[in-house]
Amino acid sequence: MPTVHVDLGARSYDVMVENGLLARAGEAIRAAGLKGRAAIISDETVARHHGAALSAALEAAGISSDLHLVPSGEASKSMARVEELCSSLAAAGHDRRSFVVALGGGVVGDLAGFVAAVFYRGIPFVQVPTTIVAQVDSSVGGKTGVNLAEGKNLLGAFHQPALVLADPQVLATLPDREYREGYAEVIKHAAIRDAGMLADIAALDPATREVPADLIARNIAIKARIVEADEHETKGIRALLNLGHTIGHGIEAAVPYGEMLHGEAISLGLCAALFLSEKHAGLAAAESREILGLLRHFHLPLQLDPAITTERVMQKLGRDKKFEGGNIRFVLLRAGGDAYLSEAVTKDDLVEAVELLRGTVE
Ligand code: NAD
Ligand code: GLY
């Protein structure tokens, strides 16, 4: 079974990736040394598809569990839900001897991870990611948190999971659009650190909805190595994971809520980052085209709707935390698999890149 070990000293853990792993979640949790009762936190959609299977797997390993649900969607990443969930756990008799199991996409993982970080001043938690984004990205690295009206992820804590159980088979119930958007982050990781993987992704047929476990594991390993090198994002290494996210977040925030999925906005952000990498980092046009071709392969957007003005995107982007002290720290690619953090990009460059997103992309 592909297992990626995340080496963080006392906070180290395994990310196990295997088809059918959900049914063996209890065994794996026991083997990782977790004890006590489990509070499963999930959203209504994911629980409908996979909640019973997880509860049965825990029961089969002698782990007693109960289920705590939130509505599906980004709006559940709020302090109000954190408080509700903590009350619900306390009312169910959980205490510092319990652990949390986050069953869901990035929303549930971030929310449940934060609950685990603050309940009784911190209890262990297990990530059981059910979207592609959650399997390759959000379940690994220990960033947990919720949103404020003023912006996304403004409240949070670093709290590493004790174990991550990624079962590619659970992705079969994802709607097609959510399946395709997940590949934006897979492509992003490959573009940052593993050029060879770009060709492997190109060989997949999106129509078959295939998500090979070894590709997921290799993609997770990219993030794992980056997190090991810069757990708390203080050394300019973890920031590389923001490739495509500066302009992507601006676009996501500029579009009416719910109209564009995160991965779709990141696809546009990646297009802009490719243009800026050609301009400032010497990225070869052919490499840029290879990555654009991959986004197109998964039917991800490469063109910005003219109704979304550059002014509005720039306004939203100005609030992004990546503008530190007025400097724009922007992730560029020298080549596929070779990302670095640059200070060469100006605000005018960003305006030009957003404008270009309205043009025809080859
Ligand atoms: P999500 O959690 O909202 O899931 C998307 C939708 O798919 C939801 O409606 C959910 O109910 C449904 N769903 C999930 N798994 C399913 C399945 N197997 N079958 C059917 N439906 C399923 O979205 P996401 O894209 O997974 O995560 C986005 C969130 O992740 C954002 O809040 C983002 O900020 C966060 N994130 C965090 C990190 C991190 O490092 N902590 C990294 C990337 C993203
Ligand atoms: N998703 C970016 C990070 O974990 O740092």
Side-chain angles (χ1 to χ4, degrees), residues 6 22 41-51 53-54 69-78 81 102-114 117 127-147 151-161 164 166-186 188-189 192 209 211 220 222-246 248-249 252-253 258 260-266 321-322 331:
V6 186
L22 185 69
I41 298 179
S42 191
D43 74 30
E44 285 156 3
T45 312
V46 177
R48 197 167 59 242
H49 290 296
H50 304 293
L54 177 61
L69 294 184
V70 295
S72 306
E74 186 69 29
S76 282
K77 266 179 61 172
S78 70
R81 292 288 174 209
L103 173 71
V107 164
V108 165
D110 284 10
L111 172 68
F114 189 60
Q127 289 270 20
V128 183
T130 63
T131 63
I132 296 178
V133 172
Q135 294 198 349
V136 303
D137 191 351
S138 60
S139 65
V140 178
K143 278 189 184 175
T144 72
V146 296
N147 303 325
K152 255 175 80 91
N153 301 326
L154 295 187
L155 298 176
F158 282 102
H159 187 51
Q160 298 291 346
V164 181
D167 178 353
Q169 272 175 5
V170 303
L171 304 172
T173 53
L174 274 179
D176 195 51
R177 200 171 158 200
E178 274 79 2
Y179 160 79
R180 286 185 286 102
E181 70 145 346
Y183 267 95
E185 302 286 0
V186 175
K188 179 198 82 173
H189 281 167
I192 292 170
R209 305 277 308 254
V211 195
I220 290 169
I222 296 170
K223 176 154 185 186
R225 298 295 83 82
I226 288 177
V227 168
E228 285 168 350
D230 185 11
E231 183 181 2
H232 296 114
E233 203 167 327
T234 51
K235 301 177 185 163
I237 302 169
R238 188 161 181 167
L240 297 180
L241 295 170
N242 292 325
L243 176 68
H245 279 58
T246 304
H249 275 164
E252 194 176 7
M260 191 181 271
L261 299 179
H262 175 73
E264 294 169 345
I266 295 313
K321 62 178 184 289
K322 285 163 214 82
V331 186

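Counting starts at 1 for both ligands and their atoms, in listed order. Just so we're clear, the structure is a prediction, and the values are computed from it rather than from any experiment. FYI, side chains are in, hydrogens and waters are out, and symmetry mates aren't considered; it's all heavy atoms of this structure.
Remark: of the listed residues L54, I41, D43, L69, L54 is the sole one forming a side chain to side chain contact (heavy atoms under 4.5 Å, CB included) with L103.
Residue contacts with ligand 1, taken as heavy atom pairs separated by less than 4.0 Å, do not involve L261 at all. Within the 4.0 Å heavy-atom criterion, the part of D43 lying near ligand 1 is the side chain and not the backbone.
Here the CD1-CG distance, from I132 to L174, works out to 6.5 Å after rounding to the nearest 0.5 Å.
Between T173 and H50, the side chains place a donor N or O and an acceptor N or O closer than 3.5 Å (distance only, hydrogens not considered).
At least one N/O-N/O distance between K223 and ligand 2 falls below 3.5 Å. For the pair R238 and ligand 2, the shortest N or O to N or O distance falls below 3.5 Å. Any N or O atom pair closer than 3.5 Å counts here, and G106 shares at least one such pair with ligand 1.
Distances below 4.0 Å separate heavy atoms of N153 from the following atoms of ligand 1: 34 (O). Listed by atom number, the atoms of ligand 1 under 4.0 Å from T131 heavy atoms are 4 (O), 14 (C), 15 (N), 24 (P), 26 (O). Of all atoms in ligand 2, listed by their number and element, those nearer than 4.0 Å to a heavy atom of D137 are 1 (N). Listed by number with element, the atoms of ligand 1 under 4.0 angstrom from any heavy atom of K223 are 40 (O).
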